[in-house]
Structure formats: structure tokens, C-alpha cells
Amino acid sequence: MAIVQVTVVPLGTESPSLGAYVASVVRVLQEAKEPISYQLTPMSTVIEGELDDLLAVVRRMHEAPFASGAARVSTSITIDDRRDKKGTMAQKLHSVEEKLN
């Protein structure tokens, strides 16, 4: 299982407000047929699942602002693909919390 952090930034928009574009990207996650989990944050989105599934979803996320009228889109991704044991978003947070106590 992999964890991907993705930030999709529409450029060349009519307004500095990007909420409608963000909503179109979140709809891609909500409607994904792939077995993924996601967590929306104020600055990016974190999704987990099988790497091939995540890359397919990220591709659709990248395309969403174009479909909403953006002239340019910049997408950044960070992939955490650990193969020695199953890692999840929750497990990673739990590990840090344990070390804080």
C-alpha cells in the first residue's frame, strides 16, 4: 500500500478564488472507483491505496481543473511506497503519537 500527497494548483483562472476548482478535484476522489482512502487538508490531499490506483486517481485529479476552465495546472505529488510492511495514514500518525507519549 502506498500513500501519496498531492497538490493540484489551477493557474490562468479568472479569479484568485480557487474553491470551485478544489471542489472539482475532491469530486474526483469522492467518485473514485478505485479502493482508496483520502484526507483533505488545507494545503494538500493525502490518499492511500495501491500505487497503480493512486496514480490513476491523481491523473484524473490533475485533469479536473482543466475541465472547469483552468488554462494551466501545476500538480505536485510525493509518494511514500513502503514494501517491507503495510503502512497507512493512521498507522503513521499512531507511530508518532506513541513516541510523543
Side-chain angles (χ1 to χ4, degrees):
M1 180 170 299
I3 300 171
V4 172
Q5 176 179 302
V6 59
T7 304
V8 179
V9 181
L11 305 167
T13 63
E14 294 180 8
S15 166
S17 178
L18 300 177
Y21 293 98
V22 173
S24 72
V25 171
V26 173
R27 268 191 220 96
V28 169
L29 293 165
Q30 292 173 335
E31 296 172 359
K33 303 292 188 252
E34 296 85 354
I36 62 164
S37 299
Y38 69 92
Q39 181 176 3
L40 186 65
T41 77
M43 298 297 293
S44 66
T45 302
V46 181
I47 55 178
E48 69 181 20
E50 295 303 319
L51 185 58
D52 287 341
D53 292 337
L54 296 178
L55 294 174
V57 171
V58 167
R59 172 63 188 212
R60 293 196 307 272
M61 292 170 71
H62 176 79
E63 292 295 330
F66 286 118
S68 297
R72 184 175 182 182
V73 177
S74 175
T75 298
S76 301
I77 63 173
T78 303
I79 301 171
D80 181 355
D81 186 10
R82 187 168 180 173
R83 306 262 171 110
D84 62 329
K85 68 178 188 177
K86 185 176 180 178
T88 65
M89 293 183 286
Q91 176 270 324
K92 288 177 72 120
L93 290 172
H94 180 72
S95 176
V96 172
E97 290 167 355
E98 280 183 338
K99 290 164 181 65
L100 286 172
N101 293 329

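Just so you know, these numbers come straight off a predicted model, no measurement behind them. We're numbering straight along the sequence, starting at 1.
- To the nearest 0.5 Å, atom CG of residue Leu93 and atom CD of residue Gln39 are 7.0 Å apart.
- Here the straight-line distance linking atom CD1 of Ile36 with atom CG of Leu29 works out to 5.0 Å at 0.5 Å rounding.
- With Pro65 as the partner, the side-chain contact (heavy atoms from CB on, under 4.5 Å) test is satisfied by one option alone out of Val25, Thr75, Leu18: Val25.
- Residues passing the side-chain hydrogen bond (donor to acceptor under 3.5 Å, both in side chains) test with Arg82 are Asp84, sequence neighbours excluded.
- The hydrophobic clustering, which links ILVMFWY residues whose side-chain heavy atoms are closer than 4.5 Å, places Val4 and Val46 apart.
- Listed here is the closest heavy atom pair of Arg60 and Val28: CB-CG1, 3.7 Å.
- The minimum heavy-atom distance linking Leu11 with Ser74 is given by the pair CD1-CB, 4.2 Å.
- Atom CD of Gln5 is separated from atom OG1 of Thr41 by 7.0 Å, given to the nearest 0.5 angstrom.
- Not a single donor-acceptor pair under 3.5 Å links the side chain of Ser95 to the backbone N or O of Lys92.
- Residues Ile77 and Val73 share a single hydrophobic cluster, defined by chaining ILVMFWY side chains whose heavy atoms lie under 4.5 Å apart.
- Clustering ILVMFWY residues whenever any of their side-chain heavy atoms sit less than 4.5 angstrom apart, transitively, puts Phe66 in the very cluster that holds Leu55.
- Atom CE of Met89 sits about 9.0 Å away from atom CE of Met1, to the nearest 0.5 Å.
- Between Gln91 atom CD and Lys86 atom NZ the span is 10.5 Å, to the nearest 0.5 Å.
- Connection of Leu51 to Ile3 is not established within any shared hydrophobic cluster, with ILVMFWY side chains joined at heavy-atom distances below 4.5 Å, either directly or through further cluster members.
- Note: Tyr38 OH to Glu48 CD = 13.0 Å, rounded to the nearest 0.5 Å.
- For Glu98, the CD atom sits in a packed shell: over 12 heavy atoms of surrounding residues, nucleotides or ligands are nearer than 6.0 Å.
- In this structure the side chain of Val26 reaches within 4.5 angstrom of the side chain of Val22, judged on heavy atoms.
- Put simply, Val6 and Ile79 are part of the same group of oily side chains (I, L, V, M, F, W, Y) that touch within less than 4.5 Å, one to the next.
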